[in-house]
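We use all heavy atoms of the structure for the numbers below, so side chains are in, but hydrogens, waters and symmetry mates are not.
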Amino acid sequence: MMPLSRFTVLDLTRVRSGPTCVRQLADWGANVIKIEATDEVDTGKGLGGERDGPDFQHVHRNKRGMTLNLKSPEGLAAFRRMVAKADVVVENYRPDVKTRLGIDYDALATINPRIVLGSISGFGQDGPYAKRPGFDQIAQGMGGLMSVTGLPGQGPVRAGIPVADLTAGLYCALGIMVALLEREVTGKGRWVHVSLLEAMIAMMDFQATRWTMGHEVPKQAGNDHPTTIPTGLFKTADGSVNIAGGGQVMWDRIVKVLGIEEDAKDPDIATDKLRSQNRHKVNAIIERVTQTDTSANWVAKFNKEGVPCGPVYSMDQVFADEQVKHLGIEMTVQHPRLGALNVVRAPMQIAGVDCAKEPTPERGQHTDEVLAEFGFSEAEIAALKTAKAV
């Protein structure tokens, strides 16, 4: 038995933030039922890439799939009947949509007081921006990330991954877990809701609290760490390496590895505080030496002395690395139509249990099977098909 196999999750999510949330549950065995609109009402939007593409196949794995038209009375009635036996519902509609459909938390809790509803929105479930459509890059900008990303003076830069989407999904999954744990004591469910904006601000972490506690507005620091020096990217004879060396002990080790004892006597860089104030001088001294040898050699030399140092990889190099291979984070799922697909497993490792390895379902693949499990008779399923509710 997988750790979460006792929980049934009805997945109404689309694109990325919601599916990311649900995947955290599906990867560890939850009975996840991906509910998609029927052909008659599906616009083809919201997939998050082509259905057979890496994005969609990665984010929707370990689920079963069915179609259901929630805009039809028959489809909505069928969904509400499923809610009565489910544990979790997850959606990432705009906040007003679920109320209009009649699947908001109060409505669902009336059917099943134990239900946990996970909701992800762009800006929150209420407030002046609640009805605005949400998008990752908008949240990156409004949450402050773009203001600190990039080289000094470059202007705002988006991160290379959809940080707000991904973290909103992770936070929502964590909140659902908290609600399920509480339910074991109280017997009652909860409404867990997260927004891209809140998730993004939370991910700003110490950069955010530099403002909330000290009223300091963080700026772009490029490849340097914003507060810890020297921590950054340095050119080598054949590329670049990252070196992380904050604190006097680590600085002394860097000085030893680079052989810059004379340079280190400069009073302008004698302490952590001074090195932070004079980071350009520190970086220039370090880079003058790192450019004399290869990245691989510097990685070996610094790590031998206990200084964190690593290469800068492209994605193909990431998966060629010996440690990445050892960790086995690339896993294979067998898709009945597409064959063997290599995806990225859940990053946590739980002793004695493996991440589930089921492929992403085809559209509506398990509709009849799922409905039968929820107590629908053959005649009732046929009637739903006739009504074009499934």
Can you find a side-chain donor-acceptor pair between [X] and [Y] that sits under 3.5 Å?
X      : Y      : value
Asn297 : Thr294 : yes
Gln248 : Asp252 : yes
Arg94  : Gln125 : no
Arg6   : Asn31  : no
Asn278 : Asp268 : no
Thr290 : Glu287 : no
Ser295 : Asp238 : yes
His215 : Arg210 : no

With side chains defined as the heavy atoms from C-beta onward, is the minimum distance between [X] and [Y] less than 4.5 Å?
X      : Y      : value
Val163 : Leu145 : yes
Pro230 : Ile243 : no
Met200 : Met204 : yes
Cys172 : Gln24  : no

Practice task
May I ask you to check if Lys98 and Tyr93 form a cation-pi contact, with NZ or CZ under 6.0 angstrom from the six-membered ring centre and within 45° of the axis?
Solution key: no
Exercise for the section: Establish, yes or no, whether the cationic atom of Arg81 lies under 6.0 Å from the six-membered ring centre of Phe376 and within 45° of the ring axis. Expected result: yes
Exercise for the section: Give the intermediate values and the outcome of side chain to side chain contact (heavy atoms under 4.5 Å, CB included) for residues Thr99 and Asp96. Expected result: CA-CA 5 Å; Thr99 303; Asp96 57 316; 5.6 Å; no
Practice task
Please step through salt bridge (charged side-chain N to carboxylate O under 4.0 Å, His left out) for the pair Arg64 and Glu362, ending with a clear verdict.
Solution key: CA-CA 8 Å; Arg64 289 186 295 166; Glu362 301 283 20; over 6 Å; no
So with a 6.0 Å cut-off around [atom1] of [X], is the heavy-atom count from everything else above 12?
X      : atom1 : answer
Glu322 : CD    : no
Asp126 : CG    : no
Met203 : CE    : no
His280 : NE2   : no
Phe135 : CZ    : no
Arg345 : CZ    : yes
Lys388 : NZ    : no
Glu358 : CD    : no

Handout entry: Asn69 side chain vs Gly75 backbone, donor-acceptor pair below 3.5 Å
Key = no
Exercise for the section: With rounding to the nearest 0.5 Å, note down the distance linking CZ in Arg51 to CD in Gln57. Expected result: 7.5 Å
Completion exercise
Rounding to 0.5 Å, atoms NE2 (His366) and CG (Asp368) come to a distance of 11.0 Å
Practice task
Could you tell me how the ring of Trp298 sits relative to the ring of Phe302: parallel (under 30°), tilted (30 to 60°) or perpendicular (over 60°)?
Solution key: tilted
Handout entry: Parallel, tilted or perpendicular: ring planes of Phe123 versus Tyr129, cut at 30 and 60 degrees
Key = perpendicular
Handout entry: Closest non-hydrogen atom pair, Leu76 against Leu101
Key = CD2-O, 3.3 Å
Exercise for the section: Heavy atoms only: give me the nearest Arg363-Thr67 pair and the separation to one decimal. Expected result: CG-CG2, 4.2 Å
Problem - Test side-chain contact (heavy atoms from CB on, under 4.5 Å) applied to Ile103 and Val83, Leu12, Val89, the passing residue - result: Leu12
Practice task
From the options Val22, Val194, Val116, select the one residue that forms a side-chain contact (heavy atoms from CB on, under 4.5 Å) with Ile176.
Solution key: Val116
Practice task
List the steps, then state whether salt bridge (charged side-chain N to carboxylate O under 4.0 Å, His left out) holds for Asp87 with Arg114.
Solution key: CA-CA 7 Å; Asp87 297 285; Arg114 291 175 56 82; 5.0 Å; no
Problem - Among Lys34, Lys63, Arg23, the one residue meeting side-chain hydrogen bond (donor to acceptor under 3.5 Å, both in side chains) with Asp11 - result: Lys63
